[in-house]
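These notes are about the structure you will find just below.
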Amino acid sequence: MPNFKAEKLKTNLKLCINRLKLLEKKKTEGAMKARKEIADYIKTHRLERARVRVEHIIREDYLVEALEVLELYCDLLLARFGLLEQKAYCDDTLVEAVSTLIWASPRLVADVQEFGIIAHQFEEKFGKEFAHQARSNLSGTVNAKVIHRLGVEPIKKSLIENYLVEIARNYHQEYQPDPSAFLDDDAPPPMDGKPFIPSEEFVQEVSILWWTVTYTRTPTITTRQSSWLAILNGTTTCSNTSTSTIKNNGPSICSKSYVPRASIWGRWGC
């Protein structure tokens with residue numbers, strides 16, 4: 001590792017955090033403005049155009065979530081920089097963070113130039129073989145959430161419809177989701193204000209999920225589980241379900257409309 005420069009890596013990790021925060025803010029503000037535009041499309045019954053714009057918003061939400069994870073990893077590496085600097089190999093507690101930053105580098109370097117320098121320094125530190133495995137995720141050490149959020153898989157139609165429901169509600173527009181969008185998906189359609197009646201098994205599983213997301217911040221969950229989490233709120237009670245089931249381990253299930261969201265990291269928005 002003759003070309004590894006610890007100070008250069010530390011400086012660029014700090015710069016990367018600042019750049020990521022600015023990019024997150026820019027993307028979030030842009031998505032909020034786009035929601036108003038989509039509400040106008042719904043009002044004028046230009047629904048196909050609205051669906052295309054919603055898909056773009058979902059992509060932006062996914063990107064912001066990925067950026068938040070990467071920012072967290074940069075913070076982690078700075079907090080444990082002594083461990084990173086002293087060992088000739090990558091410590092097990094840092095493998096996921098380092099691998100994920102290397103994997104994300106070619107995908108985000110156009111927006112965050114520091115990623116290129118950071119990835120190069122990691123390669124100088126841990127070797128070309130380590131960097132190659134990280135770029136291709138051959139060892140499966142790259143964060144699965146980041147892979148999904150920066151992926152190019154088509155957005156599920158059910159998620160698009162639920163975004164449209166949410167946007168229409170926020171801007172007081174009438175919108176009926178397309179039922180066919182939910183036929184091949186595990187997430188149920190929005191219920192338009194009808195109370196959600198969960199089973200005891202549902203309450204138990206959601207309680208565990210809520211705590212996992214809230215206190216570990218590193219869950220890998222399904223679309224359906226994300227939808228479940230999106231209907232949690234405060235201390236609202238539900239029929240057929242005792243709130244004592246959850247006790248102090250999570251909020252009770254709310255009786256609001258079912259609105260799944262792509263984002264579950266600190267932006268519940270129920």
Candidate list Leu20, Leu72, Val146, Leu150, test side chain to side chain contact (heavy atoms under 4.5 Å, CB included), partner Leu67, passing option: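 When side chain to side chain contact (heavy atoms under 4.5 Å, CB included) is applied between Leu67 and each of Leu20, Leu72, Val146, Leu150, only Leu20 qualifies.
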Looking at [Y] and [X], is any side-chain nitrogen of the basic one under 4.0 Å from a carboxylate oxygen of the acidic one?
X	Y	value
Asp61	Arg35	yes
Lys145	Glu68	no
Glu48	Arg51	yes

Check whether any side-chain heavy atom of [X] sits under 4.5 Å from a side-chain heavy atom of [Y], and report yes or no.
X	Y	value
Leu84	Phe126	yes
Glu123	Phe130	no
Arg80	Leu94	yes
Leu77	Ile118	no
Tyr89	Val95	no
Phe115	Pro106	no
Leu23	Arg19	no

To the closest 0.5 Å, what do you measure between [atom1] ([X]) and [atom2] ([Y])?
X	Y	atom1	atom2	result
His120	Lys5	NE2	NZ	7.5 Å
Arg49	Leu47	CZ	CG	13.0 Å
Ile117	Cys16	CD1	SG	10.0 Å
Glu37	Lys33	CD	NZ	12.0 Å
Leu22	Lys26	CG	NZ	10.0 Å
Arg169	Ile42	CZ	CD1	11.0 Å

Where is the tightest heavy-atom contact between [X] and [Y], given as atom of each residue plus distance?
X	Y	answer
Lys157	Ala181	CB-CB, 3.7 Å
Leu159	Tyr62	CD2-OH, 3.5 Å
Glu153	Arg59	O-NH2, 2.6 Å
Ile38	Ala50	CG2-CB, 4.1 Å

Donor-acceptor under 3.5 Å ([X] side chain, [Y] main chain):
X	Y	result
Glu55	Ile160	no
Lys125	Glu85	yes
Thr11	Glu7	yes
Asn137	Thr141	yes
Thr100	Ala97	no

message: Check this for me: Gln113, atom CD, are more than 12 non-hydrogen atoms of other residues, nucleotides or ligands nearer than 6.0 Å?
response: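 No, because the 6.0 Å sphere around CD of Gln113 holds 12 heavy atoms or fewer from other groups.
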message: Run Asn143 and Trp103 through side-chain contact (heavy atoms from CB on, under 4.5 Å) and show every step you take.
response: CA-CA 9 Å; Asn143 183 284; Trp103 182 88; over 6 Å; no
- prompt: Between the side chains of Tyr175 and Glu161, does any donor sit under 3.5 Å from an acceptor?
  reply: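 There is such a pair (donor and acceptor under 3.5 Å, judged by atom type) between the side chains of Tyr175 and Glu161.
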Quick check on the hydrophobic clustering: are [X] and [Y] connected, directly or via other members, by side-chain heavy-atom contacts under 4.5 Å?
X	Y	answer
Leu63	Tyr73	yes
Phe81	Val98	yes
Leu164	Tyr171	yes
Tyr41	Tyr163	no
Ile155	Val54	yes

